[in-house]
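Per chain, numbering begins at 1; letters A, B, ... match sequence-line order.
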2 protein chains.
Amino acid sequence: MENTTTHILIADDHQMVIDGIKSMLSHNKEYQVVAEANNGQAAFDLIASNPERIKLLLTDISMPLLSGTELCKMVKAQFPHIQVLVLSMYNNVTAVKEAVMAEADGYILKNSGKEELLNALYRITNDGTFFSQDIVPIIYSQYQKQKIQDEELNMLSPREKEVLSLIVKELTSEEIAEKLFISKKTVDNHRQNLFVKCNCKSTVGLVKYAIKHGID
Amino acid sequence: MENTTTHILIADDHQMVIDGIKSMLSHNKEYQVVAEANNGQAAFDLIASNPERIKLLLTDISMPLLSGTELCKMVKAQFPHIQVLVLSMYNNVTAVKEAVMAEADGYILKNSGKEELLNALYRITNDGTFFSQDIVPIIYSQYQKQKIQDEELNMLSPREKEVLSLIVKELTSEEIAEKLFISKKTVDNHRQNLFVKCNCKSTVGLVKYAIKHGID
DNA sequence: ACTAAAATAGGTATATATACCTATTAGAAT
DNA sequence: ATTCTAATAGGTATATATACCTATTTTAGT
């Protein structure tokens, strides 16, 4: 298995990208580009016509007729032996998330160099998966966003946070009042104040706010 | 800047870990371990006594007196010039998330080899950040969990999903009825059925269910 | 000592949601 | 043909939430 050549199908609507990758792999015996397609549907048809020929699918995300993530889903569902490496120009969380949920085995950015590509191919064929180092800062920024949101939480008073937490636990105002040994009226006042502070108009909005800020 | 030695403080409650790292870096001119501490508080005191001496803090997460993440927060708040690389034995999402939220510049696992450590140090001092490749599969598994939850969503009928989506958008039953050209009564029936299917007893529960499954 | 904010609680309406019913129709599946 | 589910809608109560008020006490900050 180890020393067998990995047969690759490249799917990308930009022929130059395909040619570039082919060129990069041309001096490498381990990887051989045996097929190419300029849209997702063509790529799927090529695979379906002879599934055993392809060992790895190297695909772009945005392509005509069938997107790379959709292609990935279909391939993984019907031909699970084929590994999929998504090659994207999008460095946002959503794109990465979609790729992972489509069961892609790896994700690298188009501005990666030759080394990164070879590294990705090596890691995928040996370790099973590879995700570009470049996507980590993206997740990093997500978490930092959450940190800022947490600071926004300080607008709420301790008691308000307490009440909000119980609201999210599906307690009614009356039940919350009993639990906190205060009047139902007081709870309702907190609720009103929370509407203003959380900038929403109903309990539904409060729940969304609470979850967004990690109260549960 | 490039050819200056990076002065490192190691904080870890296991002396063997400290000695191991010192040994690994001993033959490397770029990195010099100039201080060490066995708990977070001691590490912070060492930094505070002479902040300019330290360029990089290499810290464990779980330590007595002051945890690595808390230490990181304090250092980043008061001595932002110091870069922080978190060295953890926990490979779970929460640990990584906490480290990032503490503004750590990097995160690697304790079972990483010498190469990974050197790579991390190089990337941090040059690129600013480094996060171990090992943490990606963790995030990967998080996303896959979400995918399974999405399949659970198929228990809901298309119309129910539609109604649920509008509920989460803070519309009342009456407003939803108008929007879908149906009776308010019908909307309320969908709501009741959603309670059963989502296993909750109020709209609050529905909102939590919806958000958990990506409806918004 | 003064001020501001937080937490408390009450009154009075109205709006909305929830808990039970029953019942019809359309479409899909067996 | 028949069975099942989804989607529709109505009746009748009750429970809960929401929108305005006012007002007191406590606590923290200047």
Between dA7(D), dA9(D), dA6(C), which nucleotide has the shortest distance from any of its atoms to the side chain of P158(B)? dA7(D)

Once you apply a heavy-atom cut-off of 4.0 Å, does S183(B) come out as touching a base, just sugar-phosphate, or nothing? sugar-phosphate

With K184(A) via salt bridge (charged side-chain N to carboxylate O under 4.0 Å, His left out) - residues at least two apart: D188(A)

With side-chain hydrogen bond (donor to acceptor under 3.5 Å, both in side chains) as the rule and sequence neighbours excluded, what pairs involving residues 42-53 of chain A come up? Q41(A)-D45(A)

Under 4.0 Å between any heavy atoms, over every strand shown, what does K161(A) touch: base, sugar-phosphate, or nothing? Just pick one. nothing

Residue list, side chain to side chain donor-acceptor pair (under 3.5 Å) with E36(B), at least two apart or on another chain: Q15(B), K22(B)

Let me check the geometry of the helix from dA9(C)-dT22(D) to dT22(C)-dA9(D). What is the bend angle between the axes at its two ends, five pairs each, to 10°? 60°

Please pick, from dT8(C), dA6(C), dA9(D), the nucleotide with the shortest atom-to-atom distance to any side-chain atom of I182(A). dT8(C)

What integer number of Å spans the C1' atoms of dT8(D) and dC21(C)? 16 Å

Indicate for each nucleotide in nucleotides 25-30 of chain D, in 5' to 3' sequence, whether protein heavy atoms under 4.0 Å reach the base (B), only the sugar-phosphate (S), or nothing (-). ------

Just by protein heavy atoms under 4.0 Å, how would nucleotides 16-21 of chain C read 5' to 3' in B, S and -? SSBB--

Who passes side chain to side chain donor-acceptor pair (under 3.5 Å) against S157(A), sequence neighbours left out? E160(A)

Where at least one partner belongs to residues 77-91 of chain B, residue pairs that pass salt bridge (charged side-chain N to carboxylate O under 4.0 Å, His left out), sequence neighbours excluded: none

With sequence neighbours excluded, give me every side-chain hydrogen bond (donor to acceptor under 3.5 Å, both in side chains) pair touching residues 72-82 of chain A. E70(A)-K73(A), K76(A)-D105(A)

Residues at least two apart in sequence or cross-chain that pass side chain to side chain donor-acceptor pair (under 3.5 Å) with S67(A), listed by chain then number, are T69(A)

Partners of K161(B) by side chain to side chain donor-acceptor pair (under 3.5 Å), sequence neighbours excluded? none

When every nucleotide of nucleotides 24-30 of chain C is labelled 5' to 3' by its protein contacts under 4.0 Å (heavy atoms), B for base, S for sugar-phosphate only, - for none, what sequence of letters results? -------

Over how many whole Å does the gap from E162(A) atom CD to dT8(C) atom C1' extend? 14 Å

